[in-house]
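Below is one structure; the comments refer to it alone.
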Amino acid sequence: MTRSKEPILSVRNLRVEFPTRRATLVAVDDLSFDIAAGEVLGVVGESGAGKSVTGAAIIRLLEPPGRIAGGEVRLAGQRIDDLALPQLRAIRGRRIGMVFQDPLTSLNPVFRVGEQLVETILQHLDMTDAQARARSIELLAEVGIPAPNERIDAYPHQLSGGMRQRVVLALALSTNPELLIADEPTTALDVSVQAQIITLMKGLCRRHGTAVMLITHDMGVIAEMADRVMVMYAGRMAEIGPVRDVLRAPRHPYTRGLMGSIPSLTGTATRLAQIPGSMPRLTAIPKGCAFNPRCAEVFARCREARPEPIPVGSGAAACWLYAPATQERTP
Amino acid sequence: MIAYVLRSLVQASIVLLAVALLAFSMFRFVGDPIANLAGQEATQADREELRKHLGLEDSILVQFGRFVGGAIKGEFGISYKQGRKVSDLLAERLPATLELALLSTILATGLGIAFGVYTAIRRDGLIANAIMVLSLVGVSLPTFIIGIGLIYLFAVELKWLPSYGRGDVSSFGWWTTGLLTESGRRSLVLPVLTLGFFQLTLIMRLVRSEMLEVLRTDFIKFARARGIDERKINFRHALRNTLIPVVTIAGLQLGGVIAFAIVTESVFQWPGLGALFVQAVQFVDIPVMAAYLMFVALIFVITNLIVDLLYFVLDPRLRSDRPEAAK
Amino acid sequence: MTEAPRTTSAATPPPAGTPQRPPMGRLARAWDSDLIWSFRHSPLAMGAGAVTAFFMLIALFAPWIAPQNAFDPSSLNLMDGFLEPMNRGATGNLHVLGTDNQGRDLLSAILFGSRVSIIVGFLSVAFSLLLGVSLGLIAGFVGGRTDAIIMRIADIQLSFPAILIALLVFGIVRGFIHPSQHEQWALGVLIVAIGLANWARYARTVRGSTMVEKNKEYVQAARVMGRSSFAIMREHVLPNVMGPILVIATINLALAIIEEATLSFLGVGVPPTQPSLGTLIRIGQQFLFSGEWWILMFPALALVLLALAINLLGDWLRDALNPKLK
């Protein structure tokens, strides 16, 4: 894919470690990817694959003792992983917004919705209180909250789950950031509300040109909203590519397993396909390719050396099947 | 809101009545009031007189009613040991204890919150660790040891402060206070420190642990993700949330201070209710014990009520009577 | 890939070369690794444990290792009173820590005093534990009004300071005993008083766990099979509550010892002929200004060390058993 502009987010060789008293957990290992301006990149994988950690690492919001042990993160070309805290705070919320999974616990229960909005706006933008309040009401309207000038004075517990997530979105997008990191934004919501929130997010981000890093384990959400998708496994990238391609014709055996294990409403299947085994513990990642113990197409090289992402089609797959030397096996 | 207040009041009354029952039972069934009051020399006729006078012939229920009625007015009969009216004894000693309790609570709460917040924010600093170790010591040490230690340091070695008594007190009608005289103030220092120390460590550890919990929540994470600066996060977001449970627990502790004062008063020979109670226990002076019990229960109930109301004011989640918004 | 036939229920076979572990009971597993590891790596916990063990030992062997029987009034010689530490008395005995106003050898007094304090502490903790755990089990299992009543009483007891309750119980029970017999019964009454002041925490914890376990399937299965409630409580609920109860008991022990010391200090604890550390401190306070500092200092030091050690142990235990901090 040719890029005419510089990517808004550029991650190179990111490594995130959690030193514990027994051993050091490597949550993210040598991860590299880009997000273009205005693009929606889905990040998919099982629990523990390192998706949320990646998102948190970008704005250095890791839970201690987590720390970035290597690599670079660039926002519009400028390095942000080594910024001092004050400059980092200027970026957080202003140029990169983030939303988390549970909207109820994301909002401070003792402050009104409006107070939290105004506080965020005034932290980053130069406005008067009145202007900030007016802007807050606009934002609430934009995220689809009815009667925003009343609701602005509500407390979080007075709103429903869907409403709260809309408020959270409003908060994250209040300063028109260039990138939005959404960590499981729909997981805690009712199914009926999920669709609404996705549509809302899509619309808002398209309209404002906000790039999105959409972290989720729900393939349906990816299919609805993402332009490209990155599949993560044991802290590493397994595959990346346009959504259509990855979903219809997955390259990496792990992705194939994932797609195969999604139950389909059409077609006949007597059994739910499962990938045998489970993701390795972060302290005991196998040598070579992390997936090799469970892979049906494993061969000698897989156990020896860890595969780098190899360009395939419009994306890439970290699998030796696609190395030039094993071309006879390319589909 | 009204329902909430009413409910609290009803609960309070039940507790008071239960305690009154206990106090009354003590009166009636522990030891022999006649023997105690009449003394060795009394004749049979005298005892009969006393019996009638005390109304011991009536049914238990009537006697209980009379007891409660008397209690409400502050009348608890005559002290077995001192021969004076219990209510007089109480009135004499109450100001001393109240002054001590109030001052130490103010000290403990103020410093407790300050230290608690500090050690939560600067988790691994040297000063924070030192304070934590000291607080552990404070929780482990019995109050009387702290009191004696302070006496040793400030009264015996340094000779700065007196080691017992209230010093000179000024009286206003029935009330006495030591705050208006130099010697009164100096006499207050060590007892207030002693009584407050335990509370202080308690509150400090509570504030610290609550604040650490709050700092781990999602909404703090979200605030950080929005770039809100640390100062606002600590003092606006985290503190507000921390204080809610702290206020309730600290408030409940307050009721206990009156009782904790027992030990401090003994160490410093402070002429308060606590010292009176200890004497009463030593000599099995039931009327005084019962009266003290009722008094402490009353204080507890009042502080509980105030704390309940405060909680209501501070936590908006309790105030919501609006139905949840439609999806 | 595998070396020897292994029974494994894990989805992935363990990497080759892992030594096989013998099956372990629940308690054994809990003791393995984390808890002991935590103990071995915490100098504070080990120090506290050592001090506590030391005190327990001397308390146990006091009658044999003390130079003088501090509880026997006839062995006291008033002429030996007020001796400074490291002086010889009239009988030629060396008083390492000096003597008090009655000629009591302070070292012996501290040994015997610690013994009394620790015995009273343990017995009252046993009392609280039995009472609290039983009431908690009943409240949790039976539920309904019984539960409500028991918990109400527990709540009220918890909100009153233990000293107050202990004093109250002491006073009331004394009212039933004739004054001449007060001394005889003092220890027993003391144990009951402190015990009654501290049962509520056990009750609350046990009740909570009981309610959780009660609704689990295996308990319901046992009920269907006709096992008595008592057996169920004993076999299923109790083992699950052991951990928190241990923590409570340890902290409670320190509290009980301090409460006993306080009561004795106030003059309503152990009888004066069997002075505990609290009584000794009370005596010592009188001589603070006249210069015989040792009468106060050594008993106070002993009490402080003992209380601190047990408290530290309890603190460490609580942190080590707390899953949230792992």
Side-chain angles (χ1 to χ4, degrees), chain A residues 55-56 59-61 63-64 85-86 88-112 115-117 119-124 145-147 150-151 154-164 168 171-172 174-175 181 183 190 192-193 196, chain B residues 1 4 113 117 119-125 128 207 210-248 310-327:
Chain A
I59 50 174
R60 272 169 49 201
L61 218 54
E63 298 274 335
L85 270 182
L88 185 62
R89 276 192 215 120
I91 302 233
R92 280 184 194 159
R94 175 77 181 85
R95 300 179 63 194
I96 303 183
M98 187 156 183
V99 300
F100 300 102
Q101 176 173 328
D102 190 348
L104 179 58
T105 57
S106 294
L107 296 172
N108 195 330
V110 302
F111 290 128
R112 298 175 205 271
E115 289 171 331
Q116 303 189 47
L117 270 166
E119 177 187 38
T120 311
I121 294 175
L122 290 178
Q123 175 79 27
H124 296 288
I145 294 190
E150 284 173 19
R151 289 284 160 70
Y155 285 102
H157 65 276
Q158 292 170 315
L159 302 172
S160 69
M163 291 278 157
R164 290 195 281 258
V168 166
L171 275 165
S174 56
T175 52
I181 305 177
D183 192 351
D190 292 344
S192 52
V193 180
Q196 292 174 18
Chain B
M1 156 119 193
Y4 191 76
I113 294 182
V117 170
T119 50
I121 297 178
R122 297 228 181 287
R123 276 189 77 173
D124 298 308
V207 168
E210 277 300 321
M211 189 139 178
L212 284 176
E213 278 270 339
V214 168
L215 284 173
R216 277 204 293 249
T217 55
D218 276 352
F219 57 82
I220 293 291
K221 201 160 66 152
F222 190 39
R224 287 216 177 98
R226 298 195 324 261
I228 312 277
D229 63 58
E230 276 305 303
R231 174 149 245 192
K232 281 221 191 84
I233 289 190
N234 286 327
F235 291 101
R236 200 168 114 87
H237 286 260
L239 197 56
R240 252 324 272 285
N241 283 273
T242 306
L243 285 182
I244 293 176
V246 166
V247 153
T248 47
L310 230 88
Y311 204 66
F312 197 76
V313 164
L314 285 178
D315 190 346
R317 282 170 286 192
L318 290 176
R319 277 186 261 155
S320 175
D321 37 24
R322 273 191 263 169
E324 271 222 2
K327 294 192 202 233

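These figures come from a predicted structure and were not determined experimentally. So you know, we letter chains A, B, ... as the sequences are listed, proteins then strands, and number each from 1.
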### Candidate pair A/L171 and A/L117, rule side-chain contact (heavy atoms from CB on, under 4.5 Å), full reasoning
CA-CA 6 Å; A/L171 275 165; A/L117 270 166; 3.7 Å; yes
### Query
Contact part of A/Q116 toward chain B, heavy-atom cut-off under 4.5 Å: side chain, backbone, both or neither?
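Both the backbone and the side chain of A/Q116 come within 4.5 Å of chain B.
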### Task
Heavy-atom distances under 4.5 Å only: say whether A/I96 touches chain B with side chain, backbone, both or neither.
backbone
Keeping [X] on the side-chain end and [Y] on the backbone end, is there a donor-acceptor pair under 3.5 Å?
| X | Y | answer |
| --- | --- | --- |
| A/D190 | A/V193 | no |
| A/T175 | A/G93 | yes |
| B/H237 | B/V214 | no |

### Task
Considering non-hydrogen atoms only, spot the tightest contact between A/V99 and B/F222 and give its length.
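Answer, listing the atom of A/V99 first, then B/F222: CA-CE1, 4.4 Å.
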### Summary
If you tally heavy-atom pairs under 4.5 Å between each of A/P156, A/A172, A/G97, A/S106 and chain B, the highest tally belongs to A/S106
### Query
Out of A/H124, A/E119, A/Q101, A/M98, which one racks up the most heavy-atom pairs below 4.5 Å with chain B?
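Of A/H124, A/E119, A/Q101, A/M98, A/E119 has the most heavy-atom pairs under 4.5 Å with chain B.
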### Query
Is chain A contacted by the side chain of B/I244, its backbone, both, or neither, given a heavy-atom distance below 4.5 Å?
side chain
